[in-house]
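Structure record follows, encoded as structure tokens.
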Protein chains: 2
Amino acid sequence: MKSYKIPEATIARLSVYSRFLSQVEVQGLELISSGEIAEGSGVSPAHVRKDLAYFGEFGTRGVGYNVKELHKHILKILGLDEKWKVVLVGVGHLGAALAMYRGFRDRKFDMVALFDVDPNKVGKVYEGIAVSPFEQLEKVIKENNVDIGIITTPASEAQKVTDIFVQAGVKAILNFAPCVLTVPYHIELRNVDLAVNLEVLTFNIASKQKK
Amino acid sequence: MKSYKIPEATIARLSVYSRFLSQVEVQGLELISSGEIAEGSGVSPAHVRKDLAYFGEFGTRGVGYNVKELHKHILKILGLDEKWKVVLVGVGHLGAALAMYRGFRDRKFDMVALFDVDPNKVGKVYEGIAVSPFEQLEKVIKENNVDIGIITTPASEAQKVTDIFVQAGVKAILNFAPCVLTVPYHIELRNVDLAVNLEVLTFNIASKQKK
DNA sequence: TAGATTGTTAATCGATTAACAATC
DNA sequence: TAGATTGTTAATCGATTAACAATC
């Protein structure tokens, strides 16, 4: 594995390829070309080959890629050959939905616990996992060596949650609260802003109409 | 307004600036500099100025930007001075969460109706909006001149929903199903893949550990 | 005028794409 | 060998950033 800086978009695409390859694997197909992966993933064949080239040579010239092997390689690259321990804080509508989200559950993510400050929510069970009181957050993370923390609280609470995450030793944070978080350099942080998506669309529609 | 091709990232950032400016406006601050906007939005001051420069001159050299005016300008740019009619199809956990999501509701989005094929879900009410039977989708879109369709169905149903959206005349589609959709060129399509986010994080953690 | 901050340019950086040599 | 498809290079394209002239 060479140490080029790998574009984040490449990683996101690898994740898409891997989901497509799952389907193809179920269908029992053995070989696949970069063109077919590209079509199934909504990108160009050059993209597929370039993305893979960052990590090695997985195909056979003139032939294509072995579906099962390539899929395994990509999962390994993404770190999805390991189990990752996750907690989620803020069991509102979005938090509850994510706690039960198949896209998270189907992968190797192990949802260890859910947390909320609201006593009315504590004790509720989502997909077999009960909501714990917020006060136990740090303890649970430390005792279970949790890797990733998900924030689905209001923006006003997000930094406080983040500080506890950091204090307790999570390696990465996925933040759905619309705010700017401060974390030490060694913590991976990814912000997802759902509202932005509709606004990109309205901009696109509006600017078309102006033409 | 010049007709440079504007980076999508610029639009996404404008959306973030506008949310930050809302807060600042509430606090009653009158003037703000690119540096302050940058800090509040987690980007660089150069970014803020460049992003705004695509659309005009909104500040005063040596002084800064008038918060209220700038905010209004950005909302206008994003098309958020108009009301947009939205429908959502697939009232599972994620769909229900989005239907009730403040980030969508706070803006000028008008959720016209929710749809599901499941008779057990039809009639349920979310934030004052009842779930309608899927068969009525096309009719409702046409009668209400719906602008945007949101898809939160399983991937297997997403193309079928898309085709009805297109047929009925929506202008844009926001797709949360993990699949590649085909739409005519004049329809704006934005795919949001929630699962990708955790996988980018696991990649980052895993590649750090290998170093 | 001195200080401050914008708007804009030009340089840098990075990602995408096309094309083709390598090779099955 | 002829046909096919990968892996890789080099060209293109686009976005970020630093720097500074303009100007309040």
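Letters go in sequence order (proteins before strands), and every chain restarts at 1.
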Output the rounded distance in Å from [atom1] ([X]) to [atom2] ([N]).
X	N	atom1	atom2	answer
Asp51(B)	dG14(D)	CG	P	17 Å
Leu70(A)	dT6(D)	CG	P	10 Å
Tyr17(A)	dT6(D)	OH	P	12 Å
Ile37(B)	dG7(C)	CD1	P	10 Å
His47(B)	dA19(D)	NE2	P	16 Å
Lys50(B)	dG7(C)	NZ	P	13 Å

### Message
Check the phosphate of dT16(D) against Arg13(B), side-chain N and O only, distance under 4.0 Å to OP1 or OP2. Yes or no?
### Response
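Answer is yes, contact under 4.0 Å.
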### Task
Starting from the 5' end of DNA chain C, give me the residue, Gly62(A) or Ala46(A), whose nearest nucleotide shows up first.
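Closest to the 5' end, via its nearest nucleotide, is Ala46(A).
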#### Entry: Whichever of Val63(A) and Tyr65(B) has its nearest DNA chain C nucleotide further upstream toward 5'
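On the 5' side of the pair lies Tyr65(B).
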From [options], pick the nucleotide closest to the side chain of [X]?
X	options	value
Arg61(B)	dT17(C), dA21(D), dT16(D)	dA21(D)
Arg49(A)	dT8(C), dT6(D), dA10(D)	dT6(D)
Glu57(B)	dT16(C), dG7(C), dT17(C)	dG7(C)
Ala53(B)	dA15(C), dT8(D), dT8(C)	dT8(C)

### Query
When you measure from the side chain of Glu127(A) to the backbone N and O of Ala99(A), does any donor-acceptor pair fall under 3.5 Å?
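No, because the side chain of Glu127(A) does not come within donor-acceptor range (under 3.5 Å) of the backbone of Ala99(A).
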I'd like to know if [X] and [Y] make a salt bridge, using a cut-off of under 4.0 Å between side-chain N and carboxylate O.
X	Y	result
Lys68(A)	Glu30(A)	no
Glu8(B)	Arg190(B)	yes
Glu69(B)	Lys72(B)	no
Asp193(A)	Arg19(B)	yes

Identify each donor-acceptor pair in which a side-chain atom of residues 82-90 of chain B lies under 3.5 Å from a protein atom, sequence neighbours left out, and give them as a table.
from     : atom 1 : to        : atom 2 : distance (Å)
Trp84(B) : NE1    : Gly79(B)  : O      : 2.7
Lys85(B) : NZ     : Asn144(B) : O      : 3.4

### Task
Mind listing the residues from residues 22-34 of chain B sitting with a heavy atom below 4.0 Å of DNA chain C? Number order is fine.
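The stretch gives Ser33(B), Ser34(B) as the residues lying under 4.0 Å from the strand, ordered by number.
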### Message
Check the orientation of Phe55(A) and Phe203(B). Use parallel for under 30°, tilted for 30 to 60°, and perpendicular for over 60°.
### Response
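Plane angle over 60°, so perpendicular.
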